[in-house]
Amino acid sequence: MTLHAQEQTLDAELVAERAHLDTSRAALRRMRERAESLFATGDKVAGDAYTAEQLGRHMARRVKELADDPTTPLFFGRLDFGDIDPDHAGRDYHVGRRHVTDDLGEPLVLDWRAPVSRSFYRASARDPQGVAVRRRFGFSSGVLTSFEDERLDRGEELGTASRILTAEIERPRVGPMRDIVATIQPEQDELVRADLADSICVQGAPGTGKTAVGLHRAAYLLYLHRERLRRSGVLIVGPNRAFLSYIAAVLPALGEVEVEQATVEDLVVRVPVRAVDDPAVAALKHDVRMAEVLRRAVDAHIGTPTEPIMVSDGSFRWRIGLDPLHRLVEETRREDLPYATGRDRVRARVVGLLQRQSEARRAESPSDAWLRRMSRAKPVTEFLDTVWPALTPDGLLHRLRTDAAALAAAADGLLTAEEQDLFRSGPAGRTPKATRWTAADAVLIDEAAGLLERPAGFGHVVVDEAQDLSPMQCRAIARRSEHGSITLLGDLAQGTAPWAATDWRESLAHLGKPDAAVVPLSIGFRVPAAVVAFANQLLPALAVDVPPAQSLRRDGTLDVRTVEDLTAAAVAEVRTALAHDGSVGVIAADDTVDRLRAALAEAGVDTATADDVEAAARVTVVPATLVKGLEYDHVVVVEPAAIVAAEPRGLHRLYVVLTRAVSRLAVLHREPLPAPLAG
């Protein structure tokens, strides 16, 4: 075939693929219109109000799931099967973000999570999996511009040399995080498609896509276990609101609109947080020993019966002696129930003993009203308040804060006298409501609540930036995933909290998943190799056992230079960065952010804050303490020495800061660089 003929064939195929895209978009629009019509008329076809409400919710969700973004391609690949696979011989499938069918129900686009779509990510020249040709599509603003074929049946495989794959990975970032369905690598796909029953921990170096893996696993599990996970729920836990805003668009882009997102602080919000602990006090409150202190404090409220119960019932008087009362209290204690459930169980058993006496004398079963009256009888409630008194989570912690003897009894052999004094330091109000609680107090109150009543759990929980979770925060998440699975994501090298993890096994034990597999991801696709190599110089000083990050990116630039005027140099560097495509992040010690933002404003440069991901401004000025998990095409780091000096784990914070760039990194300093970087 001549070169001209080849070009004509390629042009014809490109026209055909564009026509298929237009057909698919039209079909998706009709699918949405049908869902909207059913939503509008659902109350007329449902048999009753409850059914109408349920149908309405389902159709409203369906309408959201079928939303189409014209700037995002409906499909990104195609699989052409040869004659080997009997199920798909001679067929071709377009692979995209969601399932699209024509009016007869025939698939126009297969969901990337469908079983057959797995071959798009896993097939190779060595193992074609029945695929003859894998095609990738190039897009610009939703317009199909090119395609690229790999003839796997002939041993042709582009891998990371794929021009389209590389362009998608390196595409400039502006606004929220995007999905990675077009670029998932085989090792990532294996984690994404892990079974629902499996809990996994991903130790991911910067730029390896661990966050994307966790989010796409959530989307995959929702696809595979739709009804089960809609009942039990899926929870995404992130380190802060800025991070959650940054990732918020990923799952809706994949058609998943009912996933709860929260910080740990959101999960434990039972009291208003109006005070800040001294760092030493906060560290003590986050220590796992506090879980046992609280458990003992709860158990200490369970008493021993000291006298029989006498209950008047009209002309009858019922009596329960000490022996049966002792037995029912001990029996309930041995059942290891949540405290409030145990209290209800003791009440029910006391009423049951009264009921049997009544039935023996009256030869008939008492009514429900009689049972309720007996459960509220004064002798019964007085007995309960003596042997199993009602507790509140904040009331329990308030007592430990204000009653030295109660704390000493609960902390005996666990906390030293000095630690007990430290725990009780700081003002406490006369009542729980009058107390100014701290964030660490809120975690302890949630632990106490878990001892009193079992919280509702989720079917699957994704925890990102997990290296900064304290043991007590891990336990808060564990209570919400006791009967579900978790995906734990993090990087021990990026741990910046005083209680940051140094061993994933310890964190997994606190999360109640000690047998979860720990899988390292060390090959990065986002951060350029020059930037990774510079940041890796910090690893020996971070005292963590993690494989050094590696990068397949050979583009990008690193510029480290000494300047006299940091603010002026930062403004000039931002202007230079704005000459390129993509987002710009200016990262500095927290106490210098306002000055930098003011200087940029004076220079006529619009800026946004870290939690304002929808802002039109391309430049974001970010405090170093809030940058974890975020990425920018161009990063300007201002005065690394100040970032390191601002907190005890400053070198870990600097490692985070230096690995936020996905194209260009400029490091501006007046003070000497930290010693590990001085070379």
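What's counted below: heavy atoms across the whole structure, side chains too, no hydrogens, waters or symmetry copies. Starting from 1, each residue takes its place in the sequence as its number. Being a predicted model, the structure only gives us computed values, none of them experimental.
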Quiz prompt | Member of Arg475, Arg270, Arg289 meeting the salt bridge (Lys or Arg N to Asp or Glu O under 4.0 Å) criterion with Glu447 | solution = Arg475
Quiz item: Picking from Thr496, Asn240, Asp464, what satisfies side-chain hydrogen bond (donor to acceptor under 3.5 Å, both in side chains) with Lys628?
Solution: Thr496
Is there a donor-acceptor pair closer than 3.5 Å between any side-chain N or O of [X] and the backbone N or O of [Y]?
{"X": "Thr435", "Y": "Ala428", "result": "no"}
{"X": "Arg274", "Y": "Thr438", "result": "no"}
{"X": "Thr487", "Y": "Val462", "result": "no"}

Quiz item: Of Leu542, Val657, Leu538, which is the lone residue that meets side-chain contact (heavy atoms from CB on, under 4.5 Å) with His652?
Solution: Leu542
Quiz item: Among Ile587, Val531, Val622, which one satisfies side-chain contact (heavy atoms from CB on, under 4.5 Å) with Arg660?
Solution: Ile587
Quiz item: According to the ring pair (Phe, Tyr, Trp, His ring centres under 6.0 Å) rule, which pairs have a member within residues 383-422, sequence neighbours left out?
Solution: Tyr339-Trp388
Quiz prompt | Those residues that, when tested against His286, pass ring pair (Phe, Tyr, Trp, His ring centres under 6.0 Å) (two or more places apart) | solution = Trp499
Quiz prompt | Steps toward side chain to side chain contact (heavy atoms under 4.5 Å, CB included) verdict (Leu400, Leu294) | solution = CA-CA 9 Å; Leu400 293 178; Leu294 290 169; 3.7 Å; yes
Test: [X] and [Y] ion pair at under 4.0 Å:
{"X": "Asp446", "Y": "Arg479", "result": "yes"}
{"X": "Asp266", "Y": "Arg241", "result": "yes"}
{"X": "Arg343", "Y": "Glu453", "result": "no"}

Self-check item: Minimum heavy-atom distance Gln261-Leu244, with the two atoms named
Solution: OE1-O, 3.5 Å
Exercise. Measure across Tyr655 and Thr659 and return the closest heavy-atom pair with its distance rounded to 0.1 Å.
Key: O-OG1, 2.9 Å
Practice problem: Only counting residues at least two apart or in another chain, list the ones meeting salt bridge (charged side-chain N to carboxylate O under 4.0 Å, His left out) with Glu465. | Solution: none
Quiz item: Between Gln467 and Asp491, is a side chain to side chain donor-acceptor pair (under 3.5 Å) present by the stated rule, with each step listed?
Solution: CA-CA 6 Å; Gln467 69 277 353; Asp491 179 9; over 6 Å; no
Exercise. Decide if atom CZ of Arg505 counts as having more than 12 heavy atoms of other residues, nucleotides or ligands within a radius under 6.0 Å.
Key: yes
